[in-house]
Amino acid sequence: MKTLIIAEKPDMGRNIAAAIEPKAKNHRSYLEGEQYIITWAIGHLIGLAEPDAYDPKYKKWNINDLPIIPEQFKLVPNSRTIDQLKVIGELAKRSNLLVNSCDAGREGQHIFSLIQRHLKLGQPVKRLWISDLTPETIRKGFQELKDGSEYENLTKAAKARSEADWLIGMNGSRAFTTKHNVLLSVGRVQTPVLALIYDRQKTIEAFDSLKFFEVEGHFTQKDMTYKGMWQGERMTDGAKAEALAQKVKGKPGRIASYEVKETKEYPNKLYDLTLLQREANGKYAFSAKKTLDVAQALYEKHKVISYPRTNSNYVTEQNIPEMHKTLSALQGTAYDEWVKGANRNLVHKGNKFICNPSKVEDHHAILPTYRKASGLSADEQKLYDLIVRRFLSQFYPAAEYKVHTVITEVEEEKFKTTVKELLSLGWKVIYADQKKEKNKPAKGKAGEDDEDEEIEVNEPFAVAPADEVVCSDAVVKEKDTQPPKHYTEGTLLRAMESAGKQIEDEELRDAMKDSGLGTPATRAATIERLKNVGYVEMQGKKIAITQKGRTAIELIRGAGIELLTSPEMTGQWERRLNEISRGTASDNQFMENVKRFACMIVDKVRVQARASKTSFEGETPALGGKGKGSGTPRKTSGKPAAPGKRKAEGERGQTAGMPVTAGQKNSAAEDSTDSGPKVIGPCPSPGCGGMIFMGRKGYGCSHYKEGCKFVIWKETHGRVLTDAQVKALIGKGRTGKLKLTGAEGQPLEGKLVLHNTDTGQLVVEQ
């Protein structure tokens, strides 16, 4: 009997085989050597069954059938990958030991557990837990295999996460959709994230801009010139500001106080996934999903970085020698100059800014490996460069500055000057070739107060406290208070990490990581989900909430289910899941609470008044502008150019024409793989030859770019069409009898008939 190794993906399986069974024979869906058989999942092979697996009545969405609370959750194979599941089952019969080599994290644990449960595999299990895919790490990992039972609590947490998402998503989405007759997707994580965006937008819209005036003094002392901001209550009267400027202009003054303080700026923390996503969004406008996908390719395909789905910014003592080895491996590359300038003595076990084992749980911070990078795409190179520079900066000393604070007094009016004089670049030499970012506003000022504006200079600065100063000029600056900024994916990720709390202190932010919204591995998928269900859209880098997204939040809160929109409460759920994984909380108690909450959602929605259909329709305002009326509307709620124009726009896995909700079909909230559009059948438009596929709002033709105008909208005549009904329309030209709504809102029964094969226009035949 041989040992069966189950990896998460084919690439990982092949990497493992190359390291421990280099002569293994390739059988396409597995590799077999003398000691090991290596095979793989393809992401999620198994998911939670849909409601109709428990009772056929659930095929139709009916609020009176809710809540749906399975006593035991059923598992179903993914139809697209069932052949690979069968391969694993057959190979297991020839094995007396299993090695779980799926990704070393909660979701990798879940993927293996589902396979094990569904196939009823009873062999003992060992766990491979590694952070990079270099051959040396793989071989070392196999020498130090853990017993599978050590990860039982992590399995419980993964199972609880999946089932909780199913319960909230399935019951919440069905309740709100059937009550309001519009596809409304509800989720344990996605709904509070949408609430964050909604609340920020409402704050911006309610913001009243206030005009105010600042007076900037220009001062001369011998050969030295400098500027300072007037210190006093904010002035809203322009005439008073002008009078103050005239009062001091050309007048002699004195240095009322002068302080010089030396300060150091240490290198920024090593990357965790969320920080990498935030910075890649700010620097390159990468979406969170794109950064995750590129990072995963750098890890799996190129093996040049460590495991990217980490929430830690630190390393353990075991990583320190590896970091030194990687530094040596970077010699002779594009980073050679910085390697030569590196001080190896700065990276050691006692440096708590880098090495802090207490802050490393599943995985350490993202690091480059000692494998040389080659064949990277442009985007892969950009992300790799971010990671390597951040790594190299740890081998450099702090940047050193002198901060000069000057209070200049003229005609009893005080002006403040803050000058930051560079003494030594330190680690910042690694970023000296990049365009300098603008100074960020002082904490808590939202960018609207510049009184303490800091000027950074490279040349020496000094004033003589005893010598006279002349106010050579005074300038009045007119300004407006600014509302909070619209979320970008980068700033939304930061908000998700701290459950919406505006936390500037890094230590406090670290403490909040356990109770953020979702996990580093799932946040990108959550943002994509909000886009795909039509709740938000991107306007440049800014996230705009659509009318449908607004109404969804207002309905949820209006039903008295504010908790479902609460980032803090959902963050506490995530904390509880983390506690389950550590064995300090009960998964059964957590699930009982979730079940009660799902029942409460249904009870509240059942008595809610139905919203008008028009409340979900409307134009999304163009973002930008200040205060109320922030921009002209964008026509985004009308018919799209093609219902599936954007990749992954369609919902994955439809149930009776309704959307996949959190927990359904491969746990969409945690599985960010993109299965692409769902094909329904050939286009009936004469001579077209295209295929009809499912998009977010309708079923359109793959030849839309060639001019085919055929589209059948999902919502028509007061009904949401199912895949089967659309297949009947494009194949037979009509559906069976349906309950529909007439043009005046009256109920009617009839068949939908394809009236125009060029456009997809439907009519009712009674």
Tell me if a side-chain donor or acceptor on R309 pairs with a main-chain N or O of L273 at a distance below 3.5 Å. no
Under 3.5 Å: donor-acceptor pair, side chain of W573, backbone of V189: no
Presence of salt bridge, K9 and E300, under 4.0 angstrom: yes
Side-chain H-bond candidate by donor/acceptor type, Y284 with D379, under 3.5 Å: no
Could you check whether D433 pairs with R389 (Lys NZ or Arg NE/NH1/NH2 to Asp/Glu carboxylate O, under 4.0 Å)? yes
Could you go step by step and tell me if Y36 and F142 meet the ring pair (Phe, Tyr, Trp, His ring centres under 6.0 Å) rule? CA-CA 12 Å; Y36 298 107; F142 270 88; 5.8 Å; yes
Whether K126 and D147 form a salt bridge (side-chain N of Lys/Arg under 4.0 Å from carboxylate O of Asp/Glu) is what I want to check. yes
Could E32 and R94 be called an ion pair, given the rule that one side-chain N must be under 4.0 Å from one carboxylate O? yes
Return yes if some donor-acceptor pair links the side-chain N/O of T310 with the main-chain N/O of H364 below 3.5 Å, else return no. yes
Would T39 and Q84 satisfy side chain to side chain donor-acceptor pair (under 3.5 Å), going step by step from the backbone distance to the final call? CA-CA 9 Å; T39 190; Q84 185 63 19; 3.0 Å; yes
Which is it for L31 and W40 under the side-chain contact (heavy atoms from CB on, under 4.5 Å) test, yes or no, and what are the steps along the way? CA-CA 10 Å; L31 296 153; W40 42 80; 4.1 Å; yes
Could you tell me whether a side-chain N or O of D103 sits under 3.5 Å from a main-chain N or O of G105, the two making a donor and an acceptor? no
Under 3.5 Å donor-acceptor, R127 side chain and N100 backbone: yes
NZ/NE/NH1/NH2 to OD/OE distance under 4.0 Å, E579 and R575: no
E8 side chain to I42 backbone, donor-acceptor under 3.5 Å: no
Would you check, one step at a time, whether the test side-chain contact (heavy atoms from CB on, under 4.5 Å) holds for N78 with I46? CA-CA 5 Å; N78 184 329; I46 297 158; over 6 Å; no
Would you sort out whether K541 and N281 count as a side chain to side chain donor-acceptor pair (under 3.5 Å), showing the intermediate values? CA-CA 8 Å; K541 285 172 67 174; N281 180 255; 4.9 Å; no
Is the gap between the ring centers of Y151 and W129 under 6.0 Å? yes
If we ignore angles and hydrogens, is there a donor and acceptor under 3.5 Å between the side chains of S358 and N356? yes
Would K428 pass as a cation-pi partner of Y431, given that its NZ or CZ must be under 6.0 Å from the six-membered ring centre and within 45 degrees of the axis? no
Under 3.5 Å: donor-acceptor pair, side chain of S162, backbone of A158: no
Show your reasoning for whether salt bridge (charged side-chain N to carboxylate O under 4.0 Å, His left out) applies to E136 and K140. CA-CA 6 Å; E136 291 85 348; K140 188 168 183 279; over 6 Å; no
Cationic N near anionic O, under 4.0 Å, D11 to R14: yes
Are side-chain N/O atoms of S185 and R529 paired as donor and acceptor at under 3.5 Å? yes
Heavy-atom closest pair (V294 atom, L383 atom, distance to 0.1 Å) is CG1-CD2, 3.7 Å
Taking only Lys NZ, Arg NE, NH1 and NH2, and the carboxylate oxygens of Asp or Glu, determine whether R390 and E279 approach each other closer than 4.0 Å. yes
Under a 3.5 Å distance rule, please check whether S312 uses its side chain to pair with a backbone N or O of K359 as donor and acceptor. yes
Looking at E90 and K93, is any side-chain nitrogen of the basic one under 4.0 Å from a carboxylate oxygen of the acidic one? yes
Worked check of salt bridge (charged side-chain N to carboxylate O under 4.0 Å, His left out) between E34 and K2: CA-CA 8 Å; E34 291 182 10; K2 296 182 180 180; over 6 Å; no
H302 side chain to V304 main-chain N or O, any donor-acceptor pair under 3.5 Å? no
The test is side chain to side chain donor-acceptor pair (under 3.5 Å); show your working for T134 and D132 and say whether it passes. CA-CA 6 Å; T134 57; D132 67 62; 2.6 Å; yes
R344 and S328: side-chain donor and acceptor closer than 3.5 Å? yes
Is the closest basic N to carboxylate O distance between K531 and E489 below 4.0 Å? yes
How about NZ on K146, more than 12 heavy atoms from neighbouring residues, nucleotides or ligands closer than 6.0 Å, or not? no
Is there a side chain to side chain donor-acceptor pair (under 3.5 Å) between Y314 and N319? Walk through the geometry before answering. CA-CA 10 Å; Y314 301 91; N319 299 126; over 6 Å; no
Does any donor atom in the side chain of T333 or D336 lie under 3.5 Å from an acceptor atom in the other side chain? no
For the backbone of L517 and the side chain of R523, can you confirm whether one donor and one acceptor N or O come within less than 3.5 Å of each other? yes
Ring centres of Y370 and H324 under 6.0 Å apart? no
Is it true that, when you exclude Y266 itself, more than 12 heavy atoms of the residues, nucleotides or ligands shown sit nearer than 6.0 Å to its OH? no
Between E574 and R161, does any side-chain N to carboxylate O distance fall below 4.0 Å? no
